[in-house]
Amino acid sequence: QAQVVESGGGLVQPGGSLKLSCEGSGFTFGGYVVSWFRQAPGKEREPISCISHSGYNTNYIDSVKGRFTISRDNMRNTVFLQMNSLKPEDTAVYFCAVQKPLYGRCRDIGGRDGRPEDYDVWGRGTQVTVSS
């Protein structure tokens, strides 16, 4: 059974850093686009970053560009999200998800490539809280 599990969340002060991990199992991890989404209380789930199956292409929404870095290690079936210069507005539950088609597409995570209906494997999420 295909699944992904997130880890690495926690409480951090504004300006701090966290590194999230998303480990996959039960499928050919290296063949799929993986994306990170987040959902803050009372808000809709928001796509924030994606990485192509090979890791060569990445994409970010404007609000995290320059602060967050997505990467992957297909030998370890893991995608990472390094989050620096965290702000209180980054507080949310962070989810990773696997895009449905083999190889997929990662060019416009804030638009066409961030539609939740195009992802069929979701983790349960990890809480990130940015507060002093």
Side-chain angles (χ1 to χ4, degrees):
Q1 181 179 357
Q3 63 177 354
V4 290
V5 178
E6 306 92 338
S7 62
L11 172 64
V12 64
Q13 291 186 342
S17 298
L18 281 175
K19 187 173 184 177
L20 306 184
S21 298
C22 168
E23 184 173 2
S25 61
F27 64 102
T28 307
F29 188 83
Y32 295 88
V33 168
V34 176
S35 298
W36 286 96
F37 292 72
R38 67 184 179 187
Q39 188 167 18
K43 295 188 176 181
E44 293 187 355
R45 192 167 297 190
E46 174 187 42
I48 59 172
S49 182
C50 61
I51 187 165
S52 63
H53 67 94
S54 64
Y56 288 150
N57 293 325
T58 60
N59 196 251
Y60 305 88
I61 58 170
D62 286 345
S63 62
V64 306
K65 200 173 294 183
R67 299 188 299 122
F68 291 9
T69 303
I70 192 170
S71 61
R72 70 189 296 160
D73 182 345
N74 286 338
M75 294 296 292
R76 294 167 57 189
N77 288 351
T78 303
V79 167
F80 304 98
L81 186 68
Q82 177 68 47
M83 306 186 296
N84 298 329
S85 303
L86 282 162
K87 305 175 182 180
E89 51 263 44
D90 294 318
T91 295
V93 178
Y94 284 69
F95 302 86
C96 67
V98 182
Q99 204 179 77
K100 286 180 186 177
L102 186 64
Y103 304 129
R105 176 187 141 111
C106 171
R107 300 177 194 169
D108 180 22
I109 189 61
R112 173 180 171 178
D113 302 325
R115 299 178 302 194
E117 61 267 30
D118 291 336
Y119 293 78
D120 62 353
V121 181
W122 291 82
R124 294 185 176 181
T126 185
Q127 175 71 47
V128 172
T129 302
V130 185
S131 174
S132 55

#### Entry: Spatial distance of atom OG (Ser71) from atom CD (Gln82) [nearest 0.5 Å]
8.5 Å
### Task
May I ask whether Leu102 and Val34 are part of the same hydrophobic cluster, defined by side-chain heavy atoms of I, L, V, M, F, W, Y residues being less than 4.5 angstrom apart, directly or through others?
yes
### Task
For Ser52 and Val33, indicate whether the former's side chain and the latter's backbone hold a donor-acceptor pair under 3.5 Å.
no
### Task
Kindly indicate, with the supporting measurements, whether the criterion side chain to side chain contact (heavy atoms under 4.5 Å, CB included) is fulfilled by Ser131 and Leu11.
CA-CA 7 Å; Ser131 174; Leu11 172 64; 4.2 Å; yes
### Query
At their closest point, which heavy atom of Gln99 faces which heavy atom of Gly104, and how far apart are they?
OE1-CA, 3.2 Å
### Query
Between the main-chain N or O of Thr91 and the side-chain N or O of Thr129, is there a donor-acceptor pair closer than 3.5 Å?
no
#### Entry: Beyond-backbone contact of Ser49 with Thr58, side-chain heavy atoms, under 4.5 angstrom
no
### Query
With sequence neighbours left out, what residues match Ser63 under side chain to side chain contact (heavy atoms under 4.5 Å, CB included)?
Arg38, Ile61
### Message
For Val121, give me all partners under side chain to side chain contact (heavy atoms under 4.5 Å, CB included), at least two apart in sequence or on another chain.
### Response
Ala2, Val4, Val98
#### Entry: Co-membership, hydrophobic cluster, residues Val93 and Leu86, 4.5 Å side-chain
yes
### Message
With a 6.0 Å cut-off (strictly less than), is the heavy-atom count around CD of Glu117, excluding the residue itself, greater than 12?
### Response
yes
### Query
Shortest non-hydrogen contact from Leu20 to Gly9?
CD2-N, 3.6 Å
#### Entry: SG on Cys50 to CG on Asn57, rounded to 0.5 Å
8.5 Å
### Query
When you look at Phe29 and Arg72, which way does the side chain to side chain contact (heavy atoms under 4.5 Å, CB included) test go after all the steps?
CA-CA 10 Å; Phe29 188 83; Arg72 70 189 296 160; 3.4 Å; yes
### Query
Which atom pair, heavy atoms only, marks the closest approach of Ser132 to Pro14?
N-CD, 3.7 Å
### Message
side chain to side chain contact (heavy atoms under 4.5 Å, CB included) for Asp113 and Arg107? Distances and angles first, verdict last.
### Response
CA-CA 7 Å; Asp113 302 325; Arg107 300 177 194 169; 3.7 Å; yes
### Minimum-distance pair of heavy atoms, taken over all atoms of Asn84 and Ser17
OD1-OG, 2.9 Å
### Summary
For Arg45 and Phe95, the nearest pair of non-hydrogen atoms, with its separation, is NH2-CZ, 3.5 Å
### Query
Measuring from Met75:CE to Asn77:CG, what's the distance to the nearest 0.5 Å?
9.0 Å
### Query
Any side-chain heavy atom of Met83 sitting closer than 4.5 Å to one from Trp36?
no
### Query
Between Ile109, Leu81, Asp90, which is the residue that forms a side chain to side chain contact (heavy atoms under 4.5 Å, CB included) with Ile48?
Leu81
### Residues, nucleotides or ligands: over 12 heavy atoms within 6.0 Å of Glu89 CD
yes
### Task
State, yes or no, whether a side-chain contact exists between Lys19 and Phe80 at a heavy-atom distance under 4.5 Å.
yes
### Task
Give me the ring orientation class for Phe27 and Tyr32: parallel if the planes are under 30° apart, tilted from 30 to 60°, perpendicular past 60°.
perpendicular
### Query
What is the ring orientation for Tyr119 with Phe37, classed by angle as parallel under 30°, tilted 30 to 60°, or perpendicular over 60°?
perpendicular
### Message
Whether the side chain of Glu6 engages the backbone of Cys96 through a donor-acceptor N/O pair (distance < 3.5 Å, no angle test) should be reported.
### Response
yes
### Query
Shortest non-hydrogen contact from Thr78 to Ser21?
CG2-CB, 4.2 Å
